[in-house]
Amino acid sequence: MRTRSFLVVALLATTLMGCKSELYKGLSQREANEMIAVLLDGGIEAERQMDGGSYRIMIDPSLFSRAVKTLSAAGYPRASFRSIEEVFPGDRMILTPFEQKTRLRFALGQELAKTVSSLPGIVSAQVHVVLPDSDIRGQLVAKTTASVLIRVAAGTDTAPLVAQVKMLVSNAVQGLSYQDVVVIALDNATRSEGQPLAVQSKL
């Protein structure tokens, strides 16, 4: 009986040691793989599991805080963006010019942020485009402008990167000039303090 009890206790202890907690879920296979790679590089053991049509990451509960900080420093999980098709559903009519303009501005920001985020060295991006109103003759009363906030990986040379962002955004929006794109770059490692690395205004 003692031997059996000892085996049960040993088996229970082994099972408990193998228990893992869910860190993130609803991930694509690619994002889950990238996050696992970041964790492993940081010395944190993790595993990927199928969760319906998506994936989840499981880790030792004692490593939860460290894992979150490690992934956050690397810009994970990535921000999700809505496509123009989602903002402008085909079965829904736009009722007013104001609604149309608001949705267009939002869709532009989402699409541009997604594109900017794909540039090497950029961890995340937010883009805000200001579309001017027109007078009764159809003439614009102001000019189109854009503001971009990017978070970059540590050690990234921001000067050429900011220039690329300004060029990309200005060429993607009709009537937007290079000089009217403002870019602020922040070091992702200091995201809590929010210290700017570079600010590009209208030059």
Side-chain angles (χ1 to χ4, degrees), residues 24-35 37-38 54-55 68-90 92 94 98-133 140 142-203:
Y24 289 108
K25 65 179 181 179
L27 305 170
S28 66
Q29 183 177 22
R30 177 177 178 177
E31 187 170 26
N33 287 341
E34 291 176 349
M35 293 169 72
V38 170
S54 60
Y55 292 84
V68 170
K69 292 178 180 179
T70 299
L71 289 173
S72 179
Y76 289 97
R78 298 297 192 190
S80 59
F81 301 98
R82 297 179 65 187
S83 65
I84 290 182
E85 289 75 15
E86 292 174 313
V87 180
F88 294 93
R92 183 176 179 181
I94 298 176
F98 174 78
E99 182 182 13
Q100 181 180 21
K101 183 177 178 180
T102 300
R103 293 187 179 188
L104 176 59
R105 184 170 60 241
F106 177 79
L108 278 174
Q110 289 283 289
E111 290 289 334
L112 287 171
K114 182 178 180 180
T115 303
V116 170
S117 297
S118 67
L119 292 176
I122 295 182
V123 173
S124 65
Q126 297 178 36
V127 180
H128 300 279
V129 179
V130 178
L131 301 174
D133 294 318
L140 298 179
K143 55 185 177 181
T144 302
T145 61
S147 299
V148 185
L149 172 65
I150 58 174
R151 294 189 181 278
V152 301
T156 301
D157 184 359
T158 59
L161 190 58
V162 166
Q164 291 177 26
V165 172
K166 288 168 66 72
M167 182 65 71
L168 187 155
V169 173
S170 62
N171 287 334
V173 181
Q174 184 176 9
L176 178 60
S177 67
Y178 181 92
Q179 292 76 14
D180 291 323
V181 179
V182 177
V183 180
I184 297 178
L186 301 178
D187 188 341
N188 189 61
T190 59
R191 60 191 308 166
S192 59
E193 294 83 358
Q195 297 297 324
L197 282 179
V199 179
Q200 293 292 327
S201 57
K202 302 173 185 178
L203 302 176

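Just so it is clear, the model here is predicted, and its values are computed rather than measured.
Without hydrogens or angle criteria, N171 side chain to M167 main chain gives a donor-acceptor distance under 3.5 Å.
Inter-residue side-chain proximity for T115 and V169 is flagged as unmet; no heavy-atom pair is nearer than 4.5 Å. The side-chain heavy atoms of V165 and I122, taken from C-beta on, include a pair separated by under 4.5 Å. Side-chain contact between T145 and V182: absent, with no pair of heavy atoms (C-beta onward) separated by less than 4.5 Å.
Separating the CG atom in L186 from the OG1 atom in T158 is a distance of 10.5 Å, to the nearest 0.5 Å. The CD atom of E34 sits 7.5 Å away from the OG atom of S28 when rounded to the nearest 0.5 Å. Residue L119 holds its CG atom at 6.0 Å from CG of L161, rounded to the nearest 0.5 Å. Remark: Y178 OH to K166 NZ distance equals 5.0 Å, nearest 0.5 Å. Within the model, atoms CG of L168 and CG of L112 stand 7.0 Å from one another, a figure rounded to the nearest 0.5 Å.
Here the shortest heavy-atom pairing between V123 and A153 reads CG2-N, 3.7 Å. Listed here is the closest heavy atom pair of R105 and V130: CD-CA, 4.4 Å. Nearest heavy atoms, S54 versus G26: OG-CA, 3.5 Å. Nearest heavy-atom pair across G121 and T156 is O-OG1, 3.8 Å. Listed here is the closest heavy atom pair of S117 and A125: OG-N, 3.4 Å. In this structure, L176 and T144 approach most closely via the heavy-atom pair CD1-O, 3.2 Å.
Residues meeting the side chain to side chain donor-acceptor pair (under 3.5 Å) test with Q126, sequence neighbours left out: none. Looking at residues two or more places apart in sequence or on another chain, you find a side-chain contact (heavy atoms from CB on, under 4.5 Å) between K25 and E22, D51, R56.
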